[in-house]
Amino acid sequence: MLREMNPGRLGGVLAVAAMLAGALSAFKSDAGVLFTDVTTAAGLRFTHHNGAFGKKYLPETMGSGCAFIDLDGSGWPDILLLNDKDWTPKGKKYTSALYRNNHNGTFTDITAGSGLDIQMYAMGVAIADFDNDGRPDVYITALDGDHLFHNEGHGKFRDATAASGIKNANFGTSAAWLDYDRDGKADLFVSNYIQWTPQTDLWCSLDGATKSYCTPESSKGAPSKLYHNLGNGKFEDVSVKAGIADPTSKSLGVAVLDYNNDGWPDLFVSNDTQPNKLYRNNQNGTFTEEGVSAGVAFGEDGVARGAMGADAADYDRSGRQHLLVGNFSNQMLGLYHNEGNGLFVDEAPRSTVGRASLLSLTFGAFFFDYDLDGYPDIFAANGHTEAEIEHIQPKVKFRQPPLLFHNLGKGKFDNVSAQVGQDFARPIVARGAAYGDFDHDGDLDILMTTSNGPACLYRNDGGNRNKWISLRLSGTKSNRSGLGAVVRVETASGKQWNMVRSGGS
């Protein structure tokens, strides 16, 4: 049985905009699932460039993001890969890359003339139809100033940043679209990191003699931004009056969730060496920060961690969304279980998830159901920030393989990273990560970027052995992308649900 749920004023469910996938399985099995590196075969010839030239500027360790985006609504996801640039204008020109899905397992590079082929020091990306015209638009955070690109159709984009009124040059990192006031228009949250310029870059060292990349403890934070969509392509900065503009935050990730099940989108913001934030939507255009009282602000030792990628899902079918947070090495993943009374409990320290991720440095992290058994699994994209880290901490590696945790049900996970193919086990320096069904066979594939290296496209082989259904949602009274809409599925295996979101880790 498939049921449509329209919380509050969310409109009907039609087949146009955002995609949500779920399993209709009555049994659980991940046997035989492999992830195969098809990057070259698919035609993705992209290499990230961080501009490093020996100065070891902190932003060089961060980028960059990636996204699946269905440019034409065909149901075949296209790919966007972000890039950085040289620190001097005389350097070689590097741009982000846009690849069109050829519907046969391959992609064509359509970057040239797309409007996205401009230089910027890009970090994160979020996709949504901000003007409700039926085409997905692109927001890119960047060290030297964010960009809002309007989708003109036919693979062409127009830079609408200046006209929109958005002005953010605050070391933006992750971003997420949401309709926080449920007025039918997609609003925008932007995570900002620290106050940094090449002139104020700090000198740090692992050995006391040579410069290394700094961590952010000695840098001042930068308040995140919330932009209210006014319609007609215009946005208003409501960060202060909404209550989310904390100047001490050093934000790297954001997850949109409805943790108290009141039908209004809340925000979890992961901070690097500062307490994480949990913003409860007050249903009047403002938010109340409850990270400390909810138990998600710190690690189990009461210390703020180096938190990065974040996601939310109901991994145990409790009817509540729980939180996943990627952290720095020696800190393990955060797996915060929503107890349903305003409190979260980090289950990672006493689970396989915590033990297996202790030495990993996780940038990208998300829940996704890779074997379509109806239970969200966990993926973590890993890689350290310092190439010489092994000289100081021999057990911590610069290049690290990703992690995959299979959901066994009842809140239990099994580390299957070594069981899904040799390609998956290859150590890399991963940063951005996204999932989508690029080959249209029902199971979810993985896209990753690496720091100063190639992109990676891992095809899911064998994950579609269970039954599945794929839905695309379009709002009528709600925002066109269907952000915040919930789909519920009931089968012999029990009840499942998921909420349409865009952006995050």
Side-chain angles (χ1 to χ4, degrees), residues 18 65 67 123-130 136-142 145-149 161 164-193 221-230 234-259 264-272 274 276-291 296 307-312 321 323 325 366 478-479 481-484 499-505:
M123 292 289 170
V125 56
I127 310 295
D129 181 4
F130 76 83
D137 308 300
V138 175
Y139 187 84
I140 297 177
T141 64
D146 299 357
H147 291 265
L148 175 66
F149 294 98
T161 316
S164 72
I166 293 176
K167 297 179 180 179
N168 189 58
N170 296 287
F171 204 152
T173 51
S174 295
W177 294 94
L178 72 161
D179 186 1
Y180 77 93
D181 58 349
R182 303 198 318 186
D183 65 353
K185 299 182 291 291
D187 310 302
L188 179 68
F189 179 90
V190 182
S191 296
N192 286 325
Y193 191 38
S224 294
K225 296 285 188 178
L226 181 63
Y227 292 101
H228 180 229
N229 191 335
L230 303 175
K234 303 291 185 181
F235 289 82
E236 176 190 6
D237 184 348
V238 297
S239 313
V240 174
K241 68 180 181 182
I244 62 92
D246 179 4
T248 68
S249 289
K250 301 173 183 179
S251 303
L252 288 178
V254 56
V256 179
L257 73 163
D258 180 9
Y259 76 92
W264 292 76
D266 309 304
L267 289 162
F268 172 81
V269 182
S270 55
N271 283 314
D272 189 0
Q274 288 291 309
N276 298 325
K277 306 295 182 182
L278 181 63
Y279 292 105
R280 175 173 53 81
N281 194 324
N282 296 324
Q283 306 181 16
N284 61 2
T286 69
F287 292 81
T288 298
E289 205 287 299
E290 298 182 337
V296 298
M308 288 167 279
D311 197 15
Q321 287 175 293
L323 285 165
V325 185
F366 52 71
S478 74
N479 64 89
S481 297
L483 300 173
M499 183 174 76
V500 178
R501 294 162 293 151
S502 177
S505 177

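For the pair L188/I166, a side-chain contact is recorded, criterion being any heavy-atom separation below 4.5 Å from C-beta on. With contacts defined as side-chain heavy-atom distances shorter than 4.5 Å, the pair L226/F189 qualifies. At a threshold of 4.5 Å between non-hydrogen side-chain atoms, the residues V254 and L267 count as touching. Using a 4.5 Å heavy-atom threshold, the side chains of D258 and D266 count as touching. The shortest distance between side-chain heavy atoms of D311 and R501 falls below 4.5 Å. Looking only at side-chain heavy atoms (C-beta outward), S502 and L483 come within less than 4.5 Å of each other. Residues M123 and F171 have side chains in contact (heavy-atom distance under 4.5 Å, counting atoms from C-beta outward). No side-chain heavy atom of D179 sits under 4.5 Å from any side-chain heavy atom of P265.
For the pair S191 and G253, the tightest heavy-atom approach, listed with the atom from each and the gap, is OG-O, 3.6 Å. Residue A175 comes nearest to T141 through the heavy atom pair CB-CG2, 3.9 Å, listed as atom of the first residue, atom of the second, then distance. Between S164 and L148, the closest heavy-atom pair is CB-CD2, 3.7 Å. Looking at every heavy atom in both residues, E236 comes nearest to K241 through OE2-NZ, 3.3 Å. Of all non-hydrogen atoms in I127 and A67, the two that sit nearest each other are CG1-CB, 4.2 Å. Between W177 and A126, the shortest heavy-atom distance links the atoms NE1-O, 3.2 Å.
From S249, atom OG reaches atom CG of D272 across 11.5 Å, with rounding to the nearest 0.5 Å. Atom OG1 of T173 sits about 11.5 Å away from atom CE of M308, to the nearest 0.5 Å. Between T288 atom OG1 and N282 atom CG the span is 3.5 Å, to the nearest 0.5 Å. Between atom CD1 of residue I140 and atom CZ of residue F149 there is a gap of 5.0 Å, rounded to the nearest 0.5 Å. Distance check, rounded to the nearest 0.5 Å: CG of L252 to CG of N276 gives 10.0 Å. The OG1 atom of T248 sits 5.0 Å away from atom CD of Q274, with the distance rounded to the nearest 0.5 Å.
Between F287 and Y180, the ring-plane angle classifies as tilted under the 30° and 60° cut-offs.
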request  = List the steps and the verdict of side-chain contact (heavy atoms from CB on, under 4.5 Å) for T161 and D146.
outcome  = CA-CA 8 Å; T161 316; D146 299 357; 5.8 Å; no

task = Step by step, work out the side-chain contact (heavy atoms from CB on, under 4.5 Å) result for H228 and D181.
result = CA-CA 9 Å; H228 180 229; D181 58 349; 2.7 Å; yes

ask   = What do the steps show when you test S481 against N479 for side-chain hydrogen bond (donor to acceptor under 3.5 Å, both in side chains), and what is the final call?
value = CA-CA 6 Å; S481 297; N479 64 89; 4.6 Å; no

request  = Walk me through it: do Y259 and R280 pass the test side-chain contact (heavy atoms from CB on, under 4.5 Å)?
outcome  = CA-CA 8 Å; Y259 76 92; R280 175 173 53 81; 3.3 Å; yes

Evaluation steps, side-chain contact (heavy atoms from CB on, under 4.5 Å), between D137 and D129 = CA-CA 5 Å; D137 308 300; D129 181 4; 3.6 Å; yes

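Counting only N and O atoms by type, the side chains of S251 and N271 include a donor and acceptor under 3.5 Å apart. Residues D237 and S239 have side chains that bring a donor and an acceptor to within less than 3.5 angstrom of each other.
In this structure a side-chain-to-backbone donor-acceptor pair under 3.5 Å is missing from E289 to Y279.
If you look at F130 and Y139, their ring centroids are not closer than 6.0 Å.
Each of V238, D187, N168 was evaluated against Y227; a single residue qualifies, N168, per the side-chain contact (heavy atoms from CB on, under 4.5 Å) test.
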